[in-house]
Amino acid sequence: QVQLVESGGGSVQPGGSLRLSCAASGSFISINNMGWYRQAPGKQRELVAQILSGGTTTYADSAKGRFTASTDYAKNTVYLQMNSLKPEDTAVYYCNANLRFYRGWYYSNDYWGQGTQVTASS
């Protein structure tokens, strides 16, 4: 059974920083990609940052220059360092991972974390 466990959310004043972590556990053999999405009230879930297994990282325009995604594959963990937080960054942040398995054949599945609240407010 695969689990994605997130931590690090919270409340900060605008201009503050937070660091999110997401650790994947289970019987997968490798990670195809890991990343972060967010969903604000009344809005659709949107991509914040995604890291492919080759190292390429994609950011939403709203995150460029302020957020940095990184991975520690030895720990199966993805991080999101968020600086200069703005009120519009307030949302539930979800970890996403596409994992590869072998059960006599290779296949991949997508998984989501439980979500962690990030609030930037004065």
Any [X] side-chain heavy atom under 4.5 Å of [Y] side chain:
X: Tyr106; Y: Arg100; answer: yes
X: Ile51; Y: Asn33; answer: no
X: Tyr93; Y: Met82; answer: yes
X: Ser121; Y: Pro87; answer: no
X: Leu99; Y: Val2; answer: yes
X: Ile31; Y: Ser53; answer: no
X: Val48; Y: Tyr59; answer: no
X: Val118; Y: Val92; answer: no

### Task
Could you give me the CA-CA distance, side-chain angles and deciding distance for Arg103 and Ser27, then say whether side chain to side chain donor-acceptor pair (under 3.5 Å) is met?
CA-CA 10 Å; Arg103 296 286 187 272; Ser27 57; 2.7 Å; yes

Just how far is it from atom [atom1] of [X] to atom [atom2] of [Y], taken to the nearest 0.5 Å?
X: Thr68; Y: Leu80; atom1: OG1; atom2: CG; result: 8.0 Å
X: Thr119; Y: Leu85; atom1: OG1; atom2: CG; result: 10.0 Å
X: Tyr111; Y: Asn96; atom1: OH; atom2: CG; result: 11.5 Å
X: Glu6; Y: Leu20; atom1: CD; atom2: CG; result: 7.5 Å
X: Arg45; Y: Leu47; atom1: CZ; atom2: CG; result: 12.0 Å
X: Leu4; Y: Ser25; atom1: CG; atom2: OG; result: 7.5 Å

### Task
Apply the test side chain to side chain donor-acceptor pair (under 3.5 Å) to residues Asn83 and Ser17: give CA-CA distance (whole Å), side-chain angles for both, the deciding distance (0.1 Å), then the verdict.
CA-CA 4 Å; Asn83 299 327; Ser17 298; 2.9 Å; yes

### Query
How are the rings of Tyr94 and Trp112 set relative to one another: parallel (under 30°), tilted (30 to 60°) or perpendicular (over 60°)?
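Geometry flag for Trp112 against Tyr94: perpendicular rings.
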
### Query
Hey, is the main chain of Ala24 close enough, under 3.5 Å, to the side chain of Gln3 for a donor-acceptor pair?
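Flag not set: sc Gln3 to bb Ala24 has no pair under 3.5 Å.
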
### Task
Indicate the atoms forming the closest heavy-atom contact of Asn98 with Ser108, along with that distance.
OD1-CB, 3.6 Å

## Note on the structure
Smallest heavy-atom separation, Met34 atom then Cys22 atom, equals CE-O, 4.1 Å

### Message
Hydrophobic clusters here meaning ILVMFWY residues chained together by side-chain heavy-atom distances under 4.5 Å, can you tell me if Phe28 and Tyr73 are in one?
### Response
yes

### Query
Taking the six-membered ring of Tyr79, is the NZ or CZ of Arg19 close enough (under 6.0 Å from the centre) and on axis enough (within 45°)?
yes

### Query
Any luck finding a side-chain donor-acceptor pair between Glu88 and Thr90 under 3.5 Å?
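Glu88 vs Thr90: no donor-acceptor pair found between side chains.
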
### salt_bridge(Asp89, Lys86) N-O dist < 4.0 Å
no

